[in-house]
Novice: 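Submitted below is the structure of interest, expressed as structure tokens.
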Amino acid sequence: MTAELGHFINGEHVNGQSGRLHDIFNPTTGEVQAKVALAAPAEVAHAVAAAENAFPVWAAMNPQRRARVLFKFKELVEKDMENLAKMLSSEHGKILPDARGDVQRGLEVVEFACGIPHLQKGEYTEAAGPGIDVYSMRQPLGVVAGITPFNFPAMIPMWMFSVAIACGNTFINKPSEKDPSVPLRLAELMMEAGAPEGVLNVVNGDKEAVDAIIEDPRVKAISFVGSSDIAQYIYANGTKHNKRVQAFGGAKNHMIILPDADMENAVNQLIGSAYGSAGERCMATPVAVPVGEGTADALVSILKPKVEALRIGPSLSEDSDLGPLVTAAHRDRVKAYIRMAADEGQELVVDGREFSLQGYENGFFMGGTLLDHARPGHQSYHDEIFGPVLQIVRAENFEEAIALPSNHQYGNGVAIFTRNGAAAREFAQKVNVGMVGVNVPIPVPVAYHTFGGWKRSGFGDTNQHGPEGVRFWTKIKTITQRWPEDVQGSEFVIPTME
Ligand code: NAD
């Protein structure tokens, strides 16, 4: 019988009540390996009540004790790494070493959040006025929620809940219905680490559950990561319901290659960032921008045999470069984009559409695809494809290379490969994109810096993790105090520092 996954509420697994279920595939075999319950609004309300109940005690716990729970959680996740990575790989389709990386990048934010006693400290000004001192404190918001995508089922929930609960909030994660097992397991481990019941809950579901979270006045903030149209919807509706919202969307990241770049190195970096995880990363590099015809021709000639030689295999294999895509529907959508690109006049240098893996003919595989001569105006360049597809846009000069990513609808990440420090510096200053790599293909900032894209890649003002994360998950209170020894006279004029 197919396993049926429910929710994790108030410290325990609970079965779904709505009667609505969603298939969880094994992308390598194409089989349905489990089903997940899709919550009705009443089940969301149950989770919110549990989180609300847990909040006062958790928020009042001193930050060092909250940090100890996170230290323990980190230890438990490390011990469970192989189990988590296999679970993740067999639902998502990314290869096992990459699945370990997904868990590890999340753990790095947990490590950051372990510093919460220092991070949440307020500021203090002595003698701001006669006998007056001013100080500030950062207090948790209450019940908060994270709505997460399929493509990083370990890292992105950990980005959100480790900082949120370190700050004293209680949390509801609504993971992707495509791969919910890892978020459920992380909630179990958080309980085992000593978090009180209700501090971290997982509610599975789709739009119905998301809308119930948005509309519940007890939920004070929402962090969302997913595609841009949904991100915009969550931002608009969440803020309409008076919530604090950060909503991160899709991407189309460019890698600029200047004529002076070390081409061999640039290509090695590009191939990993374009095709790793079958291109299903918001910080993948689906667009290469060689500057000058000579650079472009050299790039294509070095790339072509490498794309043809990509090792595509079952997700649990240790020696493949990439595995299958997440669902058949998504793979077919990616293939439709390749057809569109060809119709738009792009040259199909390598066509991965016919690829099939022997022994796994029902798996959601496709081969790496390389398209040359893409340009602005092409729909397939404008949209996020989110598959193992690399498009080359040839730029005539440096100015055009800055303009391409700057004018694109998305502004998540961008990279420049060059040996020229001045050009790299000018590029980093001028480009209209949130995260920039210089000779680094996937510039995902480390946990103690902050992650966030611009334009249609990010709605809201505050980024994920790092000090910005602490600001997002807390509200600031400022106290102005005076302890007068004598009775004071009345003041009818606003006090100033004159
Ligand atoms: P998605 O937008 O389909 O789903 C994200 C979440 O929203 C899931 O939990 C899903 O259940 C929920 N959802 C889906 N449809 C909804 C609706 N109509 N109303 C309310 N909620 C809904 O995204 P996905 O396919 O899971 O993830 C891939 C996308 O996420 C890509 O666009 C990728 O670029 C993006 N992404 C962005 C970042 C970033 O930091 N900017 C990181 C990872 C992924």
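Counting starts at 1 for both ligands and their atoms, in listed order.
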Novice: Any non-hydrogen atom of D229 lying under 4.0 Å from ligand 1?
Specialist: no

Novice: Which is it for N412 and ligand 1 at heavy atoms under 4.0 Å: side chain, backbone, both or neither?
Specialist: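 N412 to ligand 1: side-chain contact only, backbone stays beyond 4.0 Å.
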
Novice: State whether any protein heavy atom lies less than 4.0 Å from atom 4 (O) of ligand 1.
Specialist: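 So far as the 4.0 Å threshold goes, atom 4 (O) of ligand 1 is out of reach of every protein heavy atom.
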
Novice: Quick check: Y381 with H408 (ring centres under 6.0 Å apart)?
Specialist: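 Between Y381 and H408, which both carry aromatic rings, the centre distance is below 6.0 Å.
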
Novice: Quick one: does P175 get a heavy atom under 4.0 Å from ligand 1?
Specialist: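 Contact check P175 vs ligand 1: positive.
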
Novice: Counting heavy atoms only, which of G226, P149, P153 comes nearest to atom 29 (C) of ligand 1?
Specialist: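 Going through G226, P149, P153 one by one, G226 has the nearest heavy atom to atom 29 (C) of ligand 1.
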
Novice: Under 4.0 Å from ligand 1, counting heavy atoms only, is it the side chain of E280, its backbone, both or neither?
Specialist: neither

Novice: Among all the protein's non-hydrogen atoms, which is closest to atom 37 (C) of ligand 1, and how far away is it?
Specialist: G249 O, 3.0 Å

Novice: Flag the pair S162 / H465 as yes when at least one side-chain heavy-atom distance between them is below 4.5 Å, and no otherwise.
Specialist: no

Novice: Who are the side-chain hydrogen bond (donor to acceptor under 3.5 Å, both in side chains) partners of H7, not counting sequence neighbours?
Specialist: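 side-chain hydrogen bond (donor to acceptor under 3.5 Å, both in side chains) list for H7, sorted by chain: E43.
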
Novice: Under 3.5 Å, is there a donor-acceptor pair between the side chain of N15 and the main chain of G6?
Specialist: no

Novice: Where is the nearest protein heavy atom to atom 17 (C) of ligand 1: which residue, which atom, and how far?
Specialist: I230 CD1, 3.6 Å

Novice: Who passes side chain to side chain contact (heavy atoms under 4.5 Å, CB included) against A401, sequence neighbours left out?
Specialist: I256, V289, V291, A395

Novice: Starting from atom 8 (C) of ligand 1, locate the nearest protein heavy atom and write down its residue, its atom name and how far away it is, to 0.1 Å.
Specialist: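 Its nearest protein heavy-atom neighbour is T148 O, 3.3 Å.
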
Novice: Without swapping roles, check the side chain of T450 against the backbone of Q464 for a donor-acceptor pair under 3.5 Å.
Specialist: yes

Novice: Distance from E108 atom CD to F112 atom CZ, nearest 0.5 Å?
Specialist: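 It comes to 13.0 Å.
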
Novice: Applying a strict 4.0 Å limit to heavy atoms, is F386 in contact with ligand 1?
Specialist: yes

